[in-house]
Trainee: 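Okay, here's the structure, questions in a sec.
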Amino acid sequence: MSIRIHDTLTRETQEFVPLEPGKVSMYLCGPTVYDDCHVGHLMGPVVFDTIARWFRARGYAVRLVVNITDIDDKIIHKAQATGQLWNEVSEHYTAQYLQFMRDLGVESITDHPHCTHYVDEMVRFIGELIDAGRAYQAADGVYYRVSLQPGYGKLSGRKLEDTQSGARIEAQAGLENPADFVLWKNAKPGEPAWPSPFGPGRPGWHIECSVMASELMGPVFDIHGGGDDLKFPHHENEIAQSEAHGDAFAKIWMHHGLVQFSGRKIGKSDARMKDPEFSKQFNARYLLDTYGAPAVRFFLVRSPYRRPVDFEPSALDAARTGLVRLYRLLGDLMQDTTALDPAEVLSRPVGAELQALRSEFASSMDEDFNTGEAVAALFRMATLANGQSGTDREQTLRLLRDLGRILGLFQPGDLERVEKAGLAEDSELAGLVESVLGARAQARQDKNWARADALRDALTEAGIAVLDGASGTQFERIPGVEGDPVGILRRALE
RNA sequence: GGCGGCAUAGCCAAGUGGCUAAGGCAAUGGAUUGCAAAUCCAUCAUCCCCGGUUCGAGUCCGGGUGCCGCCUCCA
């Protein structure tokens with residue numbers, strides 16, 4: 001029952017052996033805080049939070065460092081475009097990002113180093129690279145000398161010559177090699193700057209990860225993660241810098257697939273994203289408000305992390321429907337806030353059928369964190385529970401919930417957050433819904449079926465699904481229903 | 001052009017050479033319901049094409065075809 005991990009560097013899945021017994025140190029490339037998050041930005045944190053949770057369930061103490069890039073060309077451009085100070089931009093989007101982390105239940109991140117808090121360390125690191133002959137000053141900054149790096153390109157599987165023949169790298173004046181990359185950018189007039197022996201300026205993008213990772217975790221650590229698109233050049237360059245600095249750096253590299261739409265990656269440079277109607281459907285805030293954060297988390301965890309996730313509203317909706325089914329099955333168990341002991345959950349004595357499913361769950365997670373298979377095991381537990389009664393059923397449901405909780409699912413309040421997504425912020429609509437439901441209840445009592453059904457139809461049109469049950473009537477918000485729900489419900493009450 | 005990945009039911013999607021190819025959504029039939037919805041039960045694929053290895057391949061190898069990512073900022 002050891003954990004196996006796919007390493008991008010060796011392209012093999014191998015048993016994980018920690019540097020220090022019982023401990024895991026991980027570094028994940030975090031956001032550059034210059035704009036609203038889209039769904040793609042949520043994937044890394046959710047994936048690595050889930051991985052960290054499984055490590056903890058297997059008894060490891062986890063350190064997970066996720067940087068915040070709070071100085072960068074894009075931040076400066078955004079500030080210039082909006083008339084803000086650069087740090088007003090970065091602080092605003094940092095706060096937004098951290099709120100997303102809380103909403104999504106990402107709780108494994110132990111350190112959120114800000115790039116600007118480590119400038120001195122970066123300056124020292126760059127100075128050491130210059131002293132070692134591995135970096136040089138050019139007209140507009142300090143550059144890393146790629147030509148002296150043996151094995152440059154080993155992560156992304158490319159050779160220096162290939163990179164050059166790519167020909168899309170503009171030959172920059174003063175560079176020894178077109179693949180050399182900037183470590184320190186000299187400040188232009190009006191740009192934010194930090195003092196350094198190489199002149200006032202700011203750190204380049206790649207250097208921050210090398211420096212902050214080693215500052216917080218030392219010259220070698222267990223796992224470095226990030227999105228597939230960061231393999232080259234970002235991670236390749238991190239390796240180059242750190243190795244040139246004499247650091248062993250990450251033992252294992254893990255890369256998650258990218259979120260796509262209609263088979264194509266969603267990115268800032270995607271022409272489609274210029275259409276506000278198009279981009280809105282990937283906006284993180286919009287998605288969390290419309291579908292509920294737990295549904296978004298569940299969606300991202302349903303398939304294994306290395307595959308690209310094809311995202312579209314109907315797929316998220318399908319995931320949400322299945323998730324709600326589990327919520328309803330769990331019922332009151334969802335609200336239990338008792339702290340969970342993963343070791344106990346994984347070893348607690350249970351019936352044979354349930355034990356088999358728990359085994360599948362655990363071995364799926366052990367095998368490179370295959371959350372897709374693990375989730376399938378949860379659904380099979382649901383089917384099992386439906387055929388049981390009494391203490392057997394109770395045992396199955398408890399285990400289903402607890403295993404889900406190890407992955408960050410089934411938190412207290414999640415059902416509300418998913419079923420009522422978007423309603424909380426609209427108190428007028430929420431009030432109207434209650435009024436219409438009350439009127440309908442009265443009509444049903446009077447056996448005025450025509451009136452009751454008309455009210456129900458109005459609710460449906462307004463995007464509210466009515467759920468009659470033995471213990472009264474519940475309702476849920478149907479995601480993605482457009483129109484004027486307030487107007488519809490007002491008219492219905494007349 | 002270079003490097004890498006993927007092709008499994010209407011849709012999404014697991015699958016570590018070998019019992020009946022996970023799971024979700026949708027659909028259909030049934031139970032339930034004032035009627036619905038929700039819920040429960042049941043049904044629903046031989047895995048892009050060709051060739052090969054093997055007692056046995058969705059799973060390995062070779063060749064096609066198609067799609068995608070990276071090579072420029074990018075989670």
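Letters A, B, ... mirror the listed sequences (proteins, then strands); counts begin at 1.
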Trainee: Considering only atom C1', compute the distance from B/C49 to B/C11 and round it to an integer number of Å.
Mentor: 23 Å
Trainee: From the list B/A14, B/G23, B/A37, which nucleotide is the closest neighbour of the side chain of A/L467?
Mentor: B/A37
Trainee: Who does B/A75 pair with, Watson-Crick or G-U, both distances under 3.5 Å?
Mentor: none
Trainee: Select base, sugar-phosphate, or nothing to describe what A/V375 touches, counting heavy atoms under 4.0 Å on all strands.
Mentor: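 Nothing, no heavy atom under 4.0 Å.
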Trainee: A/Q149 and A/Y144: side-chain donor and acceptor closer than 3.5 Å?
Mentor: yes
Trainee: Verify the stacking flag for A/W449 against B/G34: centroid separation must be under 5.5 angstrom and the ring planes must differ by under 30 degrees.
Mentor: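 Stacking is present between B/G34 and A/W449, given that their ring centres fall under 5.5 Å apart and the planes under 30°.
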Trainee: In whole Å, measure the gap between the P atoms of B/A37 and B/A75 for me.
Mentor: 44 Å
Trainee: Work out how far the P atom of B/C71 is from that of B/G15, and round it to whole angstrom.
Mentor: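 To the nearest whole Å, 27 Å.
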Trainee: Closest approach to the side chain of A/F379, judged atom by atom: which nucleotide of B/C68, B/A75, B/G24 is it?
Mentor: B/G24
Trainee: Check whether any side-chain N or O of A/N370 sits under 4.0 Å from OP1 or OP2 of B/G15, and answer yes or no.
Mentor: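 For B/G15, OP1 or OP2 has a side-chain N or O of A/N370 closer than 4.0 Å.
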Trainee: What's A/N386 touching, base or sugar-phosphate or nothing? Going by heavy atoms closer than 4.0 Å.
Mentor: sugar-phosphate
Trainee: Applying the Watson-Crick and G-U wobble criteria at under 3.5 Å, what pairs with B/G66? Answer none if nothing qualifies.
Mentor: B/C6
Trainee: With nearest nucleotide decided by heavy atoms, which residue, A/G44 or A/P308, maps closer to the 5′ end of RNA chain B?
Mentor: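 This one resolves to A/P308.
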Trainee: Could you tell me whether A/L329 contacts a base, only the sugar-phosphate backbone, or nothing, with contacts defined as non-hydrogen atoms closer than 4.0 Å?
Mentor: nothing
Trainee: So what does A/A376 touch, heavy atoms closer than 4.0 Å: a base, only the sugar-phosphate, or nothing?
Mentor: base
Trainee: Look at all strands and tell whether A/V259 reaches a base, only sugar-phosphate, or nothing, counting heavy atoms closer than 4.0 Å.
Mentor: base
Trainee: Any base atoms under 4.0 Å from A/L230, or only sugar-phosphate, or nothing? Heavy atoms, all strands.
Mentor: sugar-phosphate
Trainee: Is it true that atom CG of A/D275 has more than 12 heavy atoms of other residues, nucleotides or ligands lying nearer than 6.0 Å?
Mentor: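 Yes.
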Trainee: Given side chains that start at C-beta, do those of A/L333 and A/R398 come closer than 4.5 Å, heavy atoms only?
Mentor: yes
Trainee: Between A/E238 and A/H234, is any side-chain donor less than 3.5 angstrom from a side-chain acceptor?
Mentor: yes
Trainee: Looking for any heavy atom pair under 4.0 Å, which part of the strands does A/G372 touch: base, sugar-phosphate only, or nothing?
Mentor: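 Base, at least one base heavy atom under 4.0 Å.
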Trainee: Which whole number of Å gives the distance between the P atom of B/G29 and that of B/U65?
Mentor: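 The answer is 45 Å between these two P atoms.
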Trainee: Hey, what's the ring geometry for A/H235 with A/H255, parallel, tilted or perpendicular (30° and 60° as the breaks)?
Mentor: tilted
Trainee: Out of B/A75, B/C73, B/A13, which nucleotide sits closest to the side chain of A/D310?
Mentor: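 Looking only at side-chain atoms, A/D310 lies closest to B/A13.
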Trainee: Work out how far the C1' atom of B/G18 is from that of B/C73, and round it to whole angstrom.
Mentor: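 Nearest-Å result for B/G18 against B/C73 at atom C1': 49 Å.
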Trainee: Just call it for A/Q260: base, sugar-phosphate, or nothing, with non-hydrogen atoms closer than 4.0 Å on any strand.
Mentor: sugar-phosphate
Trainee: Do A/E208 and A/D70 touch side chain to side chain, with heavy atoms closer than 4.5 Å?
Mentor: no
Trainee: Both A/A465 and A/H41 contact RNA chain B. Which one's nearest nucleotide lies toward the 5' end?
Mentor: A/A465
Trainee: Rounding to the closest angstrom, what is the interatomic distance between B/A21 and B/A36 at atom P?
Mentor: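 It works out to 37 Å between them.
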Trainee: Quiz question: going by heavy-atom distance under 3.5 Å, is there a donor-acceptor pair between the base of B/G5 and the side chain of A/D228?
Mentor: no
Trainee: Give a yes/no answer on whether the side chain of A/R11 brings an N or O atom under 4.0 Å of OP1 or OP2 in B/G5.
Mentor: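 The answer is no; no side-chain N or O of A/R11 sits under 4.0 Å from OP1 or OP2.
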Trainee: Kindly point out which of B/G34, B/A75, B/A38 is positioned nearest to the side chain of A/R328?
Mentor: B/A38
Trainee: Nearest to the side chain of A/R440, heavy atoms from C-beta on, is which of B/G69, B/C25, B/A36?
Mentor: B/A36
Trainee: When you check the phosphate oxygens OP1 and OP2 of B/A22, does a side-chain N or O of A/R380 lie under 4.0 Å from one of them?
Mentor: no
Trainee: Side chain of A/T321 only, please: which of B/G24, B/A26, B/A36 is the nearest?
Mentor: B/A26
Trainee: With a 3.5 Å cut-off and heavy atoms only, can you find an N or O donor on one side and an acceptor on the other between the side chain of A/R325 and the base of B/C40?
Mentor: no
Trainee: Which whole number of Å gives the distance between the P atom of B/U16 and that of B/C6?
Mentor: 11 Å
Trainee: Counting side-chain heavy atoms from CB outward, which of B/A14, B/A38, B/G69 is closest to A/R307?
Mentor: B/A14
Trainee: Looking at B/C70, I'd like to know if its phosphate oxygens (OP1 or OP2) sit under 4.0 Å from a side-chain N or O belonging to A/K265.
Mentor: yes
Trainee: Between P on B/U72 and NE2 on A/H234, what's the gap in Å once rounded to a whole number?
Mentor: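 Going from NE2 in A/H234 over to P in B/U72 covers 15 Å.
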Trainee: Measure from the side-chain heavy atoms of A/P304 and tell me the nearest of B/A14, B/C41, B/G34.
Mentor: B/A14
Trainee: Under a 3.5 Å cutoff, is there a donor and acceptor pairing between the side chains of A/Q241 and A/N237?
Mentor: no
Trainee: Report yes if a side-chain nitrogen or oxygen of A/R320 is closer than 4.0 Å to either non-bridging phosphate oxygen (OP1 or OP2) of B/G24; otherwise report no.
Mentor: no
Trainee: From B/A75, B/C35, B/A14, pick the nucleotide closest to the side chain of A/D468?
Mentor: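 Nearest to the side-chain atoms of A/D468, counting from C-beta on, is B/C35.
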Trainee: Near A/E353 CD, under 6.0 Å, is it more than 12 heavy atoms from other residues, nucleotides or ligands?
Mentor: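 Open.
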Trainee: Who passes side chain to side chain donor-acceptor pair (under 3.5 Å) against A/S359, sequence neighbours left out?
Mentor: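 Result, side chain to side chain donor-acceptor pair (under 3.5 Å) vs A/S359: A/Q355.
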Trainee: With respect to the side chain of A/R302, which nucleotide from B/G23, B/G34, B/C70 is positioned closest?
Mentor: B/G23
Trainee: Between the base of B/A36 and the side chain of A/D453, is there a donor and acceptor pair under 3.5 angstrom?
Mentor: no
Trainee: Can you tell me the base-pairing partner of B/G17? Count Watson-Crick or G-U wobble geometry only, both distances below 3.5 Å, and say none if there is no partner.
Mentor: none
Trainee: How far, in whole Å, is B/A42 from B/G52 if one measures between their C1' atoms?
Mentor: 42 Å
